[in-house]
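To start, the structure itself, in structure tokens.
The figures that follow rest on heavy atoms only: side chains count, while hydrogens, waters and symmetry mates do not. Note that the coordinates shown come from a computational prediction; the quantities given were computed from them, not determined experimentally. Counting starts at 1 for both ligands and their atoms, following the listed order. One is the number of the first residue; the rest follow in order along the sequence.
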Amino acid sequence: MTRGDRTRAWVALQGHYAAHGRDLDLREAFARDPGRFASLSFQAPGVFADLSKNRVDLATLRFLVDLAEECGVPAQRDAMLRGEVANATEGRAVLHTALRAPRGVGPFSDDVHGVLDAMLAYAEQVRADDGITDIVNIGIGGSDLGPQMVVPALDAFCHHGKRLHFVSNVDGHDITPVLRGLDPQRTLFIVASKTFTTQETMANAQVAKAWFLAHGGTDIARHFAATTTNVQAAAAFGISTTFGFWDWVGGRYSLWSAIGLPIAIAIGDTNFRGLLAGAHAMDRHFAEAPLAQNLPVLLGLLDVWYRNFHGFTSRSVAPYHQGLRRLPAYLQQLEMESNGKCVDVDGAPLPFGTSPVVWGEPGTNGQHAYFQMLHQGTDVIPVEFILVKTPTHAQADLHHKLLANGLAQAQALMLGKTAEVAQGERAPTASATLDRAVLARHRSFPGNRPSTTFVLDKLTPGTLGALIALYEHRVYTSGVVWGINSFDQWGVELGKALASDLLPRLASGDVAGLDSSTAGLLARVRA
Ligand code: F6P
């Protein structure tokens, strides 16, 4: 394995960037090559991707694929999929792919399918139980964001007799309004925590248990379940209905495990298995497709190209599907917790940038908020549009308008508009004071702003599973090129330790040894 910047391909890419990449103009590239869309669009299982509005050509992709080869992406991928230790700082294998492999295929199949069958049987039992109307998932990070993202995305497949609630924050403003509307006799709490030690989740679980007992609840076995690798801790909490998983499932890769229980209750056995099957189809594509046609690999390489050669620091995600409104938040953990690292696997400081800032909102809402900056701001921010061909509602007119907007935004980012063209148009509102040429400069767009467009035929359990797995493998690919461990998250530990130190000080007021800012703020919030 060789870190990206130490390869011959990296040097070749620097030359390619200086000669062609930096000045590539998308408008000219489309004018030059009528086959650009065909040659730069790719079909992976469940997901079609148009990369042609990116600042690449086929030569760029060839250099990037050379980079992946030289960094050992295929060999490392294969070792990870076999179950070798891919998370060295925690000494763990990384096998979320095993969670969606069919029975009898891949590592730990008996264990995986044993828990899956039990978890889905329990989910079906809850779905059939008219006495349970509300399910509250208490978890944070990977024990929250996956189910919280998937459940609304698959609303059309959900059991509408069950209300799903998600409590994550150690802030009483999160759990209080949820509890206010609940009847303890009709509520199931799921305490979701890989470690069963996370402060936020444990604190909220204690609040839920106290509320349940104080409101006449007695049957903890019926009204509480746990999803965790720490079955003993769940038992010590008093929960007897527990679904386990394993240390080789990372928190942000865990929605396919027992952590998916709220999803399974919402969409049922068949649809949950469809979600897994869609992800597995993408896993096979990642494992088997040649790198030049391998969509997650190409997207990971594109991220490297933009981050390390163009110097772009962020990427915006714009799902044109309201059900995917939590996808940007989900991707923030997946991408930024995985690849937000500043040392390589050997602990050497990295001389280049890693994870971009990932952010976004569903279209068209984002258009009326921050798209101004995407079109005319000083930073170039690649945008990822996600379009869905067929909706699961009957509002055809709304859907056509939604699609037209998504397509138009990608087009506008690329095409831009010169000041000359703007000057030739009648401004919608004339300025009494500004010169026409000055106004035209305000109304012009630089264009040449890159975007990727994904198209799903329909948002189903299968295509959603494929889309999420696509992102997982993309993050892995860029992580390998950057030479980092994408599967640990030591960066969250310092704040946790300091919070433990500050908690008793909040009660006592002791500020000894604190910096004056923290001491001053602590005194202020106590007062
Ligand atoms: O603090 C970060 C983190 O460890 C995430 O990686 C994880 O998804 C989250 O906390 C929740 O952890 P747990 O599932 O163990 O409660």
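Ring geometry for F196 versus F237: interplanar angle over 60°, hence perpendicular rather than tilted (30 to 60°). Taking the six-membered ring where the residue is Trp, F108 and W248 present parallel rings, their angle staying beneath 30° rather than reaching 60°. Ring geometry for W359 against Y370 counts as perpendicular: the plane angle is over 60°, on a 0 to 90° scale with 30° as the lower cut. A parallel orientation is assigned to the rings of H473 and F286, their planes being inclined by less than 30° (bins at 30° and 60°).
Heavy atoms of Q333 come nearer than 4.0 angstrom to ligand 1 in at least one pair. Ligand 1 is never approached by E200 to a heavy-atom distance shorter than 4.0 Å.
Salt bridge absent: R326 and E361 never bring a charged side-chain N and a carboxylate O closer than 4.0 Å. Ion pairing between E472 and R100 holds under the 4.0 Å rule for side-chain N and carboxylate O.
Both the backbone and the side chain of T195 come within 4.0 Å of ligand 1, judged by heavy-atom distances.
Listed by number with element, the atoms of ligand 1 under 4.0 Å from a non-hydrogen atom of I140 are 9 (C), 11 (C). For ligand 1, the atoms lying closer than 4.0 Å to a non-hydrogen atom of Q489 are 6 (O). Short contacts between ligand 1 and T198, defined as distances under 4.0 Å to a heavy atom of the residue, involve ligand atoms 12 (O), 13 (P), 15 (O), 16 (O). Every atom of ligand 1 is numbered from 1 in the order shown, and the set under 4.0 Å from a heavy atom of E337 is 2 (C), 5 (C), 6 (O). Which parts of ligand 1 touch S143 is read off a 4.0 Å heavy-atom cut-off, strictly below it: atoms 13 (P), 14 (O).
Less than 4.0 angstrom separates atom 10 (O) of ligand 1 from none of the non-hydrogen atoms of the protein.
For ligand 1, the polar-atom distance check against T201 finds no nitrogen or oxygen pair separated by under 3.5 Å. In terms of polar-atom proximity, defined here as any N/O pair under 3.5 Å, G142 does make such a contact with ligand 1.
For the pair E200 and I138, the minimum side-chain heavy-atom distance is 4.5 Å or more.
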**OP:** Show your working on side-chain contact (heavy atoms from CB on, under 4.5 Å) between T241 and F224 and close with a plain yes or no.
**Re:** CA-CA 7 Å; T241 308; F224 282 78; over 6 Å; no
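Ranking protein heavy atoms by distance to atom 4 (O) of ligand 1, first place goes to K496 NZ, 4.0 Å.
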